[in-house]
Number of protein chains: 4
Amino acid sequence: MKLDLDPASPVPIYLQIVEQVRRLVALGALRPGERLPTVREVAARSRVNRNTAARAYEVLEGQGIVRSRVGQGTFVSEDAPRLDPAARDGALDGALDRLIVEARSLGVPLAELEKRLARRIGAFEKEAKKESAGKEQKR
Amino acid sequence: MKLDLDPASPVPIYLQIVEQVRRLVALGALRPGERLPTVREVAARSRVNRNTAARAYEVLEGQGIVRSRVGQGTFVSEDAPRLDPAARDGALDGALDRLIVEARSLGVPLAELEKRLARRIGAFEKEAKKESAGKEQKR
Amino acid sequence: MKLDLDPASPVPIYLQIVEQVRRLVALGALRPGERLPTVREVAARSRVNRNTAARAYEVLEGQGIVRSRVGQGTFVSEDAPRLDPAARDGALDGALDRLIVEARSLGVPLAELEKRLARRIGAFEKEAKKESAGKEQKR
Amino acid sequence: MKLDLDPASPVPIYLQIVEQVRRLVALGALRPGERLPTVREVAARSRVNRNTAARAYEVLEGQGIVRSRVGQGTFVSEDAPRLDPAARDGALDGALDRLIVEARSLGVPLAELEKRLARRIGAFEKEAKKESAGKEQKR
DNA sequence: GTGGTCTAGACCACG
DNA sequence: GTGGTCTAGACCACG
């Protein structure tokens with residue numbers, strides 16, 4: 001598991017780890033039930049404190065993305081966390097509205113925004129497929 | 001200029017002000033060249049610390065959204081902030097990727113995500129038209 | 001806010017703080033919008049590390065019980081967190097089943113268990129009323 | 001003896017074993033004097049570490065639920081563990097209070113809580129009867 | 001002055 | 001060896 005952390009970013013390191021693990025899970029690069037590197041490994045490889053790595057895993061567990069078992073390690077959860085549908089929709093619409101404002105401020109026409117989303121989804125699905133193929137081959 | 005601030009939000013108040021001013025500019029409710037209320041006015045009306053309002057304007061100026069002229073006030077910039085196109089695209093793609101990961105984590109199919117974006121854009125444009133009509137009438 | 005912490009307990013200190021704050025909120029001794037003592041105050045009065053107190057508040061925020069605002073303090077949330085009803089029911093039934101087994105193992109007949117629950121609810125409501133009266137008087 | 005263990009649960013496996021054995025005893029599926037499977041059998045059937053199974057039995061013996069006789073095996077205790085009545089009541093009231101706070105935090109009215117407990121007790125007793133009938137038949 | 005992040009380092013619980 | 005808790009102490013962001 002390769003993490004790309006920027007200590008100079010305003011985003012806290014532990015949240016950078018959270019975001020990247022979520023992305024790997026969304027891509028299928030990390031699959032349900034799969035074991036993540038240990039807290040100590042993440043800390044050593046990414047040169048952060050063990051507590052910082054542990055905190056990222058703790059947040060991921062709070063979000064239902066992973067499950068930690070003492071003495072065993074940390075694993076990708078088997079099923080997506082359940083969420084109140086209204087809360088889910090609210091969260092998503094909020095994210096969409098922020099995106100729209102961001103695009104307008106950058107001078108991107110909204111029609112183009114839709115096209116770009118379609119394109120990024122395409123890129124995402126392609127990468128997910130690649131990850132998936134890589135996984136199959138390892139079997 | 002009406003701001004809807006939520007002191008209970010995890011987003012810092014000065015950033016909420018920044019986001020909302022950007023939104024008003026994006027909507028056309030604040031037009032290029034238009035004068036913004038003074039820092040004191042914002043602070044008084046929104047009941048925030050004067051430093052908080054000042055900080056928000058500082059950030060907006062740094063982003064090229066507004067321009068302060070000593071002794072005259074703060075004005076919406078005449079032209080959209082010129083951003084290195086590569087930087088602009090990078091920022092937008094980053095935002096899109098975060099959105100995609102969020103949607104996947106929430107269990108929202110990516111096809112639905114596209115539809116929802118289209119719907120939110122529709123809502124945004126409707127509101128922008130209303131704001132615009134209001135402006136015309138004031139002339 | 002008085003906390004009764006036992007460092008010798010198998011329950012981690014930060015979780016003891018979490019449980020007690022939740023109890024005070026449930027009782028109405030801490031009301032929506034009310035400000036909690038600062039992290040530093042809790043740490044000093046309870047003689048725990050500042051990080052430990054901060055962690056408790058962080059967990060409470062994750063549970064939607066309180067809201068923290070940098071520079072302002074920590075406040076009881078205005079409304080109860082929304083939860084998927086199925087998840088809510090599942091959590092409650094699990095708690096009830098554990099209670100039943102515990103009672104049987106202790107040799108408590110299940111009919112008595114019901115009576116005891118009724119009695120504890122009575123005691124809880126009485127204490128809640130007292131807290132409420134105390135609050136009114138302070139106004 | 002069939003155990004339903006969830007390695008993904010935050011509850012340690014040895015405690016899951018403890019809880020389930022207690023549950024089986026409470027249900028009457030395991031009767032006073034009855035012999036439990038050996039530590040090795042439990043470990044093999046449930047695919048847990050032998051130390052884990054041994055630890056669970058150790059805890060059960062400490063609680064007075066089972067009794068180990070060297071060279072003979074482990075047996076369900078003849079009589080319910082004698083607990084200082086004050087300690088028993090304290091333990092039960094603590095559990096009830098935690099339940100009440102949890103219900104309040106979830107927004108469950110306390111009157112409903114009483115009804116739900118009655119319902120779960122009904123379900124528990126029905127299952128206990130079934131277990132009991134099964135035992136009779138085996139004789 | 002408030003909460004948030006991070007490090008260094010210790011000790012503990014579980015398997 | 002794994003994750004979890006806690007302390008001590010530093011520095012930062014927000015208001």
Side-chain angles (χ1 to χ4, degrees), chain A residues 5 7-17 35-43 46-61 66-75, chain B residues 5 7 9-17 43 47-56 59, chain C residues 5 7-17 35-43 46-61 66-75, chain D residues 5 7 9-17 43 47-56 59:
Chain A
L5 306 179
S9 162
V11 179
I13 296 173
Y14 79 96
L15 281 184
Q16 293 183 43
I17 298 175
R35 191 169 182 271
L36 298 172
T38 68
V39 165
R40 285 164 173 86
E41 278 165 19
V42 170
S46 302
R47 286 171 205 186
V48 296
N49 189 282
R50 208 153 70 69
N51 291 332
T52 303
R55 189 172 187 189
Y57 276 18
E58 197 185 354
V59 170
L60 285 164
E61 183 157 24
V66 307
R67 277 290 204 183
S68 292
R69 301 178 226 161
V70 179
Q72 305 264 79
T74 301
F75 302 79
Chain B
L5 306 178
S9 162
V11 179
I13 290 173
Y14 83 97
L15 274 186
Q16 290 184 46
I17 298 175
R47 288 177 202 178
V48 297
N49 191 298
R50 220 178 275 165
N51 295 331
T52 305
R55 187 163 192 186
V59 171
Chain C
L5 306 179
S9 162
V11 179
I13 296 172
Y14 79 96
L15 280 184
Q16 292 182 44
I17 298 175
R35 191 171 182 271
L36 299 172
T38 67
V39 165
R40 286 164 171 85
E41 279 165 18
V42 169
S46 302
R47 286 170 205 186
V48 297
N49 189 281
R50 207 153 72 67
N51 292 332
T52 302
R55 189 171 188 191
Y57 276 18
E58 198 185 353
V59 171
L60 285 164
E61 183 157 25
V66 307
R67 276 291 203 182
S68 291
R69 301 178 224 161
V70 178
Q72 305 264 79
T74 300
F75 303 79
Chain D
L5 305 178
S9 161
V11 179
I13 292 172
Y14 83 97
L15 274 185
Q16 291 185 44
I17 298 175
R47 289 176 202 179
V48 298
N49 191 299
R50 219 178 276 167
N51 295 330
T52 305
R55 187 165 192 185
V59 171

Rounded to whole angstrom units, what separation is found between the [atom1] atom of [X] and the [atom2] atom of [N]?
{"X": "C:Glu58", "N": "F:dC6", "atom1": "CD", "atom2": "P", "result": "13 Å"}
{"X": "C:Tyr57", "N": "E:dG4", "atom1": "OH", "atom2": "P", "result": "11 Å"}
{"X": "D:Ile17", "N": "E:dG15", "atom1": "CD1", "atom2": "P", "result": "9 Å"}

Closest nucleotide among [options] to the [X] side chain:
{"X": "B:Asn49", "options": "F:dG3, F:dA13, F:dG15", "answer": "F:dG15"}
{"X": "C:Arg35", "options": "F:dG15, E:dT2, F:dT7", "answer": "E:dT2"}
{"X": "D:Pro12", "options": "F:dC6, E:dG15, F:dG4", "answer": "E:dG15"}
{"X": "B:Thr52", "options": "F:dG15, E:dA10, E:dG3", "answer": "F:dG15"}

Close side-chain approach of B:Tyr14 and B:Asn51, heavy atoms under 4.5 Å:
no
Flag the pair A:Val66 / A:Leu36 as yes when at least one side-chain heavy-atom distance between them is below 4.5 Å, and no otherwise.
yes
Answer yes or no: is there an ion pair linking A:Glu58 with C:Arg55, defined by an N-O contact shorter than 4.0 Å?
yes
Does OP1 or OP2 of E:dG1 have a side-chain N or O of C:Thr38 closer than 4.0 Å?
no
Is A:Tyr14 near enough to E:dT5 that one of its side-chain N or O atoms lies under 4.0 angstrom from OP1 or OP2?
yes
Just to be sure I understand the rule, does A:Val48 reach a base, reach only the sugar-phosphate, or reach nothing, if contact means heavy atoms closer than 4.0 Å?
sugar-phosphate
With nearest nucleotides of DNA chain F determined for C:Arg50 and B:Leu15 from heavy-atom distances, which residue corresponds to the more 5′ nucleotide?
C:Arg50
Count the heavy atoms of every other residue, nucleotide or ligand shown that sit under 6.0 Å from CZ of A:Arg35, and state whether that count exceeds 12.
yes
Report yes or no: is there a donor-acceptor pair, N or O only, under 3.5 Å between the side chain of [X] and the base of [N]?
{"X": "C:Arg69", "N": "E:dG4", "value": "no"}
{"X": "B:Arg55", "N": "F:dG15", "value": "no"}
{"X": "C:Asn51", "N": "E:dG3", "value": "no"}

Assign each of A:Gly71 and C:Gln72 to its nearest nucleotide of DNA chain E by heavy atoms, then name whichever residue's nucleotide is nearer the 5' end.
C:Gln72
Compute both the distance and the angle, then confirm whether A:Arg67 meets the cation-pi test with A:Phe75: under 6.0 Å from the six-membered ring centre, within 45 degrees of the axis.
no
